[in-house]
S.K.: 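The structure is given below, and queries will be raised subsequently.
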Amino acid sequence: MRVLFTAVPIHGHLLPLLPLAEAVAAAGDDVAFAVPGSLTGLVGGLPVLPAGPGIDDLLAENDRRTGGADMHSGFEPVAELFAGTLVDTSFDAALRRAREFGAEVVVADEYDTIGPMVAATLGVPLVRHAVGLPVSPPGLGPAMEARLAPRYAARGLARPARLALVDLWPPALHGPRWVAGEDRLAIRPRAYTGSEPFDLPAPAGFRVLVTLGTVLLEAGPLDALVDAVAALDNVDVLATVPAGLPRSLADARANVRFVGFVPIAQLLDAGVGVVLAAGGAGTVLAALSRGIPMVLWPKGAEKPQNAERVVAAGAGIAIDDPARAAEAVAEVLRDPSYRRHAERVAAQIAEAPDPAAVWAALRPRIGAAGT
């Protein structure tokens, strides 16, 4: 079987798909990713069929279309990026690649709009792979639909129904609006490890990882969070600086270390006791899979929803101002209940089926749908 994977070309959307893609390849089926060539280094040697511009070019074009609207200001600029700019700049190339590959099924991240359109054009089954919680943030779905409907109509296409939803999220993080469908297949998420080890010294105190993900347009919020937490007694701060952000990694403070992109698994395994983050799905699931409690400053897209579920599970605190970061981190370090609840989530994640079992269950469904 020839399985094409597609994703919004951002680390946090592509990386969660890797465990299933690796399981497909290990089972002897053919796998390829239709993503920008700039992401080739992330997929661990799996084939990449270069399609469309990278995220920097997409964001620049999106800024032109939206007048430079802040991506954190609401759903409209995000919807334009996912359902307008991405389709207009990437679909034709992805479709060519899919045809060359001979795709028999498309596995697309839940926010990706290219994969479903390719599946509709080729008449092949579509599998959705959750990234954030499987309930879309209110407002984003309608905003995306308003942009997708005319693009499907212009191509004479009907929206494809999904064959299955591969869901990363454990029961402890499912909210009141979440309803398990018959097409849901739970899968055990895996934090990205990368292929090259990164040397991180042991912490001198309680280590707090500060990360706002891989797409951050301003250094101000990152510095504000780091400054707040670094002032705490006996705290060691490890902070990540996304590629392209004009900020030096140097820092004069003995208890602060800035690094560039390092795989999240390596960061978390470096003695981290609390994660202070924006609430992206990959960071949340990676931290909680290790039983590490969180402080979340959620900005943009589905991050407020993710933070809401972490707080409801008792595994962390959400803040609305970087100035509150220090008191929130101190509270999480002081109160052991946050770690206990994070460890409860970790146990549920560990119990989820591994990717090989998920592919073994999914493959017959795909075969039946294609006959």
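Throughout, residue positions are numbered sequentially from 1 according to the sequence presented.
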S.K.: Do Leu95 and Leu122 have side chains that get closer than 4.5 Å, going by heavy atoms?
M.R.: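 Counting from C-beta outward, Leu95 and Leu122 do come under 4.5 Å.
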S.K.: Kindly say whether Gly280 contributes a backbone atom to a donor-acceptor pair with the side chain of Asn306 at under 3.5 angstrom?
M.R.: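 Pair absent, no side-chain N/O of Asn306 close to backbone of Gly280.
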S.K.: Kindly compute the distance separating CD (Glu145) from OG1 (Thr113), expressed to the nearest 0.5 Å.
M.R.: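 Nearest 0.5 Å value for the CD-OG1 distance: 11.5 Å.
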S.K.: Take Leu200 and Val259 through the test side-chain contact (heavy atoms from CB on, under 4.5 Å) and record every step on the way to the result.
M.R.: CA-CA 10 Å; Leu200 289 167; Val259 297; 4.2 Å; yes
S.K.: Take Trp359 and Asp29 through the side-chain contact (heavy atoms from CB on, under 4.5 Å) test and state the conclusion after the steps.
M.R.: CA-CA 10 Å; Trp359 180 240; Asp29 292 296; 3.0 Å; yes
S.K.: Is it the case that the ring center of Phe5 lies less than 6.0 angstrom away from the ring center of His129?
M.R.: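 Aromatic pair excluded; centres sit 6.0 Å or further apart.
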S.K.: Nearest heavy-atom pair of Val229 and Leu276: which atoms, and what distance?
M.R.: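 Taking Val229 first and Leu276 second, the nearest heavy atoms are CG2-CD2, 3.5 Å.
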S.K.: Can you find a pair of side-chain heavy atoms, one from Ile264 and one from Leu209, that are under 4.5 Å apart?
M.R.: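 When only atoms from C-beta onward are counted, Leu209 and Ile264 do touch, with a gap below 4.5 Å.
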S.K.: Is the shortest side-chain heavy-atom distance between Thr6 and Leu4 below 4.5 Å?
M.R.: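 The answer is yes, as the side chains (C-beta and beyond) meet within the 4.5 Å cut-off.
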S.K.: Please check this pair: side chain of Arg309 against backbone of Gln305, looking for a donor-acceptor N/O pair closer than 3.5 Å.
M.R.: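 No; zero donor-acceptor contacts below 3.5 Å.
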S.K.: With a 4.5 Å heavy-atom cut-off, do Pro116 and Asp112 have their side chains touching?
M.R.: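 Yes, side chains in contact.
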S.K.: Measuring from atom OH of Tyr192 to atom CG of Leu42, what distance do you get when rounded to the nearest 0.5 angstrom?
M.R.: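 Tyr192 OH to Leu42 CG: 4.5 Å, rounded to 0.5 Å.
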S.K.: Do the side chains of Asp88 and Arg151 get close enough for a salt bridge, i.e. N-O under 4.0 angstrom?
M.R.: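 Yes, charged N to carboxylate O under 4.0 Å.
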S.K.: If you draw a 6.0 Å radius around CG in Asp233, do more than 12 non-hydrogen atoms from other residues or ligands fall strictly inside?
M.R.: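 Atom CG in Asp233 is not crowded, with 12 or fewer foreign heavy atoms closer than 6.0 Å.
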S.K.: To the nearest 0.5 Å, what is the distance between OG1 (Thr89) and CG (Asp57)?
M.R.: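 CG of Asp57 is found 9.0 Å from OG1 of Thr89.
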S.K.: Work out which heavy atom in Arg339 is nearest to a heavy atom in Pro293; give both atom names and the distance.
M.R.: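 Distance-wise, the nearest heavy atoms are NH2-CD, 3.7 Å.
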S.K.: I would like to know whether Val262 and Thr240 meet side-chain contact (heavy atoms from CB on, under 4.5 Å); could you show each step before the answer?
M.R.: CA-CA 8 Å; Val262 177; Thr240 65; 5.8 Å; no
S.K.: Do Arg290 side-chain atoms and Asp269 backbone N/O form a donor-acceptor pair below 3.5 Å?
M.R.: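 No: the side chain of Arg290 does not pair with the backbone of Asp269.
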S.K.: When you measure from the side chain of Glu80 to the backbone of Thr66, do you find a donor-acceptor pair of N or O atoms at a distance under 3.5 Å?
M.R.: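 Judged by distance alone, no pair lies under 3.5 Å.
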S.K.: Which atom names give the shortest non-hydrogen contact between Val48 and Pro36, and what distance separates them?
M.R.: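 Heavy atoms of Val48 and Pro36 come nearest at CG1-O, 4.4 Å.
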S.K.: In Å, rounded to the nearest 0.5 Å, how long is the span from OG1 of Thr40 to CG of Leu49?
M.R.: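 It comes to 9.5 Å.
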S.K.: Under the rule for salt bridge (Lys or Arg N to Asp or Glu O under 4.0 Å), what residues qualify as partners of Asp92, not counting sequence neighbours?
M.R.: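 For Asp92 there are no salt bridge (Lys or Arg N to Asp or Glu O under 4.0 Å) partners, ignoring immediate neighbours.
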S.K.: Go through the steps for Arg340 and Glu343 under the test salt bridge (charged side-chain N to carboxylate O under 4.0 Å, His left out), then give the verdict.
M.R.: CA-CA 5 Å; Arg340 286 199 303 271; Glu343 290 171 347; over 6 Å; no
S.K.: Does Asp227 pair with Arg253 as a salt bridge, N-O distance under 4.0 Å?
M.R.: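 Salt bridge present between Asp227 and Arg253.
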S.K.: With side chains defined as the heavy atoms from C-beta onward, is the minimum distance between Val87 and Arg147 less than 4.5 Å?
M.R.: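 SC-SC contact between Val87 and Arg147 ruled out.
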S.K.: Say you draw a straight line from CG of Leu168 to CG of Leu173; how long is it, rounded to the nearest 0.5 Å?
M.R.: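 Leu168 CG to Leu173 CG: 11.0 Å, rounded to 0.5 Å.
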S.K.: Using modelled atom types and a 3.5 Å cut-off, is there a donor and acceptor pairing between side-chain atoms of Asn62 and backbone atoms of Leu81?
M.R.: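 Looks like yes, one N/O pair under 3.5 Å.
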S.K.: I want to check something: taking the side chain as every heavy atom from C-beta on, are Leu140 and Tyr111 in contact at a cut-off of under 4.5 Å?
M.R.: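 Side-chain contact under 4.5 Å: yes.
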S.K.: Nearest heavy-atom pair of Leu163 and Pro125: which atoms, and what distance?
M.R.: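 Smallest heavy-atom distance, with atoms named: CD2-CB, 4.2 Å.
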S.K.: Are any of the side-chain heavy atoms of Tyr338 and Val274 separated by less than 4.5 Å?
M.R.: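 No - every pair of side-chain heavy atoms lies 4.5 Å or more apart.
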S.K.: Are Arg334 and Glu331 within salt-bridge range, i.e. N to O under 4.0 Å?
M.R.: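 Salt bridge: yes.
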S.K.: Does the side chain of Pro53 come within less than 4.5 Å of Glu61's, by heavy atoms?
M.R.: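 No, every pair of side-chain atoms sits at 4.5 Å or beyond.
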S.K.: Does any N or O in the side chain of Gln266 come within less than 3.5 Å of the main-chain N or O of Phe198, such that one atom is a donor and the other an acceptor?
M.R.: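 Yes; judged by distance alone, with no hydrogens or angles, the pair exists.
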S.K.: Between Arg128 (side chain only) and Leu165 (backbone N and O only), is there a donor and an acceptor less than 3.5 Å apart?
M.R.: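 No; zero donor-acceptor contacts below 3.5 Å.
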S.K.: Could you see if Val210 belongs to whatever hydrophobic cluster contains Phe258? Use Ile, Leu, Val, Met, Phe, Trp, Tyr and a side-chain cutoff under 4.5 Å.
M.R.: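 Yes.
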S.K.: Is the side chain of Arg344 donor-acceptor paired with the backbone N or O of Ala313 at a distance under 3.5 Å, no angle test?
M.R.: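 Answer holds: yes.
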S.K.: Begin from the C-alpha positions of Glu110 and Arg162 and carry the test side-chain contact (heavy atoms from CB on, under 4.5 Å) through to its verdict.
M.R.: CA-CA 10 Å; Glu110 64 184 321; Arg162 74 186 187 200; over 6 Å; no
S.K.: Does the Thr121 side chain pair with the main chain of Met117, one donor and one acceptor, at a distance under 3.5 Å?
M.R.: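 Between the backbone of Met117 and the side chain of Thr121 there is a qualifying donor-acceptor contact (under 3.5 Å).
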S.K.: Taking Asp109 for the side chain and Val8 for the main chain, is one N or O donor matched with an acceptor at less than 3.5 Å?
M.R.: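 Flag set: sc Asp109 to bb Val8 pair under 3.5 Å.
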S.K.: How close do Phe82 and Met144 get, counting heavy atoms only, and between which atoms?
M.R.: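 Closest heavy-atom pair between Phe82 and Met144: CB-CE, 3.8 Å.
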S.K.: How close do Ala164 and Leu362 get, heavy atom to heavy atom, and via which atoms?
M.R.: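 Ala164 and Leu362 have their closest heavy atoms at CB-CD1, 3.7 Å.
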S.K.: Are there over 12 heavy-atom neighbours, none belonging to Phe206, within less than 6.0 Å of that residue's CZ?
M.R.: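 12 or below, so no.
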S.K.: Rounded to the nearest 0.5 Å, what's the gap from CD1 on Ile187 to CH2 on Trp169? Could you check?
M.R.: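 CH2 of Trp169 is found 14.5 Å from CD1 of Ile187.
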S.K.: When you group the ILVMFWY residues by side-chain heavy-atom contacts below 4.5 Å and let the links chain together, are Val256 and Trp297 in the same group?
M.R.: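 Yes; tracing contacts between hydrophobic side chains, which count when under 4.5 Å, links both residues.
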